[in-house]
4 protein chains.
Amino acid sequence: MTERRMALVASPTAAAQAAAEELRGLYEWYPIERADLVIALGGDGYMLRTLHSMLDRHRILPIFGMNLGTVGFLMNEWKPELLELRVQNAKSMTVLPLRMDAVTVDGERFSIPAINEVSLLRETRETAKLEVIVDGRVVLPELVCDGVLVATPAGSTAYNLSAQGPILPLDSSLLALTPISPFRPRRWRGAILPESAKVSFTVREPDKRPVAAVADQKEVRDVAEVHITTARDHRLTLLFDPGKTLEERIFAEQFQA
Amino acid sequence: MTERRMALVASPTAAAQAAAEELRGLYEWYPIERADLVIALGGDGYMLRTLHSMLDRHRILPIFGMNLGTVGFLMNEWKPELLELRVQNAKSMTVLPLRMDAVTVDGERFSIPAINEVSLLRETRETAKLEVIVDGRVVLPELVCDGVLVATPAGSTAYNLSAQGPILPLDSSLLALTPISPFRPRRWRGAILPESAKVSFTVREPDKRPVAAVADQKEVRDVAEVHITTARDHRLTLLFDPGKTLEERIFAEQFQA
Amino acid sequence: MTERRMALVASPTAAAQAAAEELRGLYEWYPIERADLVIALGGDGYMLRTLHSMLDRHRILPIFGMNLGTVGFLMNEWKPELLELRVQNAKSMTVLPLRMDAVTVDGERFSIPAINEVSLLRETRETAKLEVIVDGRVVLPELVCDGVLVATPAGSTAYNLSAQGPILPLDSSLLALTPISPFRPRRWRGAILPESAKVSFTVREPDKRPVAAVADQKEVRDVAEVHITTARDHRLTLLFDPGKTLEERIFAEQFQA
Amino acid sequence: MTERRMALVASPTAAAQAAAEELRGLYEWYPIERADLVIALGGDGYMLRTLHSMLDRHRILPIFGMNLGTVGFLMNEWKPELLELRVQNAKSMTVLPLRMDAVTVDGERFSIPAINEVSLLRETRETAKLEVIVDGRVVLPELVCDGVLVATPAGSTAYNLSAQGPILPLDSSLLALTPISPFRPRRWRGAILPESAKVSFTVREPDKRPVAAVADQKEVRDVAEVHITTARDHRLTLLFDPGKTLEERIFAEQFQA
């Protein structure tokens, strides 16, 4: 195997910057434009931002993260030594992001990727009224709720889990559609959908009942319509030390109680 | 029993106004200042508004509602006939409202009653971070969540039920403290507290993580602190036809599935 | 305050017997017939057995337990020193047991108290079909399920919690009626009832669908009918060190997640 | 397309027998040994029995059921007319059964297929203590519970749903591992596993804590070990009218609330 050219990126936190400093002296580094893979230092939040900036630049490289943040579900253990060997032995996990296409009440359009989830939440005291459409079929003509979310398997242990949604195996090719405080239908617990599903939400009475949509960390206020599909052409690759891959972490998370 | 002087109030909807018109010709009516009880026409939303306006005016009368709205959990069946007899035979249900004392980040203070619940919900994509205090004791130093609510027994079948909280018997003298999408602690299911409990929420990082508080239908944006107590001195009296009282409806609601 | 005469009982485990040996040399002890209160050494299981034997003998004394078992929810911390002072300063918690009156398919009758809960569970692969009656009213004509239970507040953190039932404050005067795997009505989550409620289960097709009823640890096989009431005349008194009472433990349990 | 030779089987109920009588006069029928497909009349229970008898005889034919029972989730609508055309236009759904290999405390071995689920439930008042192993890995060293089940996607809307497990899309190639009243770990909600997973349960203290295992409708008492795998070589084929396939029914079930 020929050596891979590594780029280094790091969160602005003190811990991540100190770690970056240490690594800079130990290995040869390339600018990201000429690199084959990225080493990212930080927590899950920083990892998501790095993945999003790759999606934005349409140049997607495999990424090996090391945890220097508070939550490191997407990260490997921080160790400065033997990095090239670790990367060489690492297992690849593929993650397919969602694409959220949102239209606001003013007719503005946004197309934003989401690695974990797309969520909708009411902005004011007025409950959200949503029409829920799956593959062109109205599955719920009027979901009255605080909100609703669509999560990928990678995101199923995040917001989705807090909203009582199911943890999905990483390679299950499924999505979780999970309500937040459903008023009507009241006992609705959500649905598990194939990754190929196209999920749309139409906001009813959007002026009286404003709703915000969030793709991972990017928020669009006052949406009128939200369409969610899996972005099959934006395959992300995360690298993990064997035995501690994202797949295994999601599996293990299911037995944490 | 001496005859009671009735006042008539009605929701502005066409159905309620038509019903009011019909009743006006059938019975003798008094202005609310001189009445002993109130007949209210509308749905639950109108009933709550009527109760709130009585709380605001500090003149609280027994109230007999008749359902001319979509949701009539607090209402009796609409029938123009024999109203005086129905009222005479009606059962009294006592409901103790909550009082929400909220302080905004700008130091403004609000004191608002709530018959169903006081709820807090994040306003933006940033999750709420709340310190939860019960009777002066920090029970959760940091609840990371979409929101949280405190419901009375009368309100336990409303928002609280949608957030998976327990239905409380009307005379149980309890409150339900129920989280909305708890992130941390993730599996927290809420608590049942004595009605005498004083529940406080302190919003952490309120500038970065703005939170709105809602007492029934009144919203206070950007709260810094919210204190909730039972307003024992604001006892409300609702009248119901025998066999269909609020107590029996809440009881029956527990067996709807 | 005059000194109270203490009786000592201990679980047969090595740890409890060694502790009993130590205590025997330190304090004066009385036979239980002449004692004013009981010191019990063991875990929750032993505590329940001791309470049951007091209920059986119809001589009920206050009881101060010290934990020498695996689960000590009902117990105080084990310490040999200053026992008389601890007992003198202890807080009294009142617990009302249930009474289960069961009739088997053969017509045998059993009347057994339960401090934590009365539960019914199917004995074979055939699901249980139960008619559920509260205060003489059929609330569910046919509950198809694995089983169902009625728990006291003291028992609400035990089996009831595992079956997703609500934790009830110790002094709430309520009972939890909680289903186990309800098939029909499928989304039934149970009910919270006043302590005064009389709950009855009639087993349908009891020959084809045998059901066992359990009052705490005593099992009656092949029941045809089970009636559950609160035994108001069998008030039990448990003593706890201040700040660590059963009430406070149940309260705290609500914030464990 | 050449005509397919149909065999007719029917539940012993009056309704199914009358329907069979009617069909016998309308079409040509073959003994099952020479048939290409089976028409089954009855409800879901009869359908499961028919599928099981095909699995037992190792001769598996496509099966088109018509509902003449109370629950017809696996069945098409009953209509005597145009049966050959319906069968010709029907959509094939593939269902992979589980295989349960159980060993009793006496060393007896049973190997039984299950189309819906394999479940374990305690037989007496003693809670079950189970070691849970997935693919040779101990994922829960001690699950204390009433029971646990493993469901296929086809079975995910049955027992699994009553135990609060997730509904799985029919073609998701997943299994649901769902606990029944978990005592320890108390808040365990189960897991979603790939269909390729091998799930094993070892019963701890099986003499003190007897456990029964059930594969669909067949029960093995007093098991010591249960091993569950997907029987990839026993592919079952169910035929459905277009627009009302099992896949669509499971999908629709997710939006029933």
When only pairs under 4.5 Å are counted, which of A:Pro182, A:Ala191, A:Gly190 shares the most heavy-atom pairs with chain D?
->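 Maximum pair count with chain D is reached by A:Ala191.
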Assess whether side-chain contact (heavy atoms from CB on, under 4.5 Å) is satisfied between D:Leu51 and D:Ile60, documenting all intermediate values.
-> CA-CA 8 Å; D:Leu51 290 166; D:Ile60 298 177; over 6 Å; no
Any side-chain heavy atom of [X] within less than 4.5 Å of one from [Y]?
X: D:Leu246; Y: D:Leu74; result: yes
X: D:Met100; Y: D:Glu117; result: no
X: A:Glu253; Y: A:Phe73; result: yes
X: D:Thr178; Y: D:Trp188; result: no
X: A:Met66; Y: A:Phe64; result: yes
X: D:Phe110; Y: D:Val103; result: no
X: D:Leu37; Y: D:Ile63; result: no

Between D:Lys91 and D:Glu247, is a salt bridge (charged side-chain N to carboxylate O under 4.0 Å, His left out) present by the stated rule, with each step listed?
-> CA-CA 10 Å; D:Lys91 299 235 165 185; D:Glu247 187 174 14; over 6 Å; no
Residue by residue, scan [range] and write down, ordered by number, those that have a heavy-atom distance under 4.5 Å to chain D; if none do, write 'none'.
range: residues 121-135 of chain A; result: A:Val134
range: residues 206-240 of chain A; result: none
range: residues 160-172 of chain A; result: A:Leu161, A:Gln164, A:Gly165, A:Pro166, A:Ile167, A:Leu168, A:Pro169, A:Ser172

Exercise: identify the closest heavy-atom pair between A:Asn67 and A:Trp78 = O-CB, 3.5 Å
Shortest non-hydrogen contact between D:Ile115 and D:Pro97, atoms and distance =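 Smallest interatomic distance, heavy atoms only, reads CG1-CB, 4.2 Å.
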Neighbour count >12 (heavy atoms, 6.0 Å) for atom CZ, D:Arg249 = yes
Taking heavy atoms only and a threshold strictly under 4.5 Å, list by residue number the residues of residues 138-158 of chain D that touch chain A; give 'none' if the list is empty.
-> D:Val139, D:Leu140
Within the side chain of D:Gln254, is there an N or O that forms a donor-acceptor pair under 3.5 Å with the backbone of A:Ile192?
->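 The answer is yes, because a donor-acceptor pair under 3.5 Å joins these two groups.
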Short question: side chain of D:Asn76, backbone of D:Asp241 - any donor-acceptor pair under 3.5 Å?
-> yes
Stepwise, does the side-chain contact (heavy atoms from CB on, under 4.5 Å) test hold for D:Tyr159 with D:Ile180?
-> CA-CA 10 Å; D:Tyr159 192 179; D:Ile180 301 161; 3.2 Å; yes
Would you mind checking which part of A:Arg137 comes under 4.5 Å of any heavy atom in chain D, side chain (CB onward), backbone (N, CA, C, O), both or neither?
->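 Side chain only.
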Separation of D:Glu77 CD from D:Arg86 CZ (nearest 0.5 Å) |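 If I round to the nearest 0.5 Å, the distance is 6.5 Å.
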Would you call A:Asp101 and A:Arg109 a salt bridge, taking side-chain N to carboxylate O under 4.0 Å as the test?
->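 Not counted as a salt bridge, because no side-chain N and carboxylate O are separated by less than 4.0 Å.
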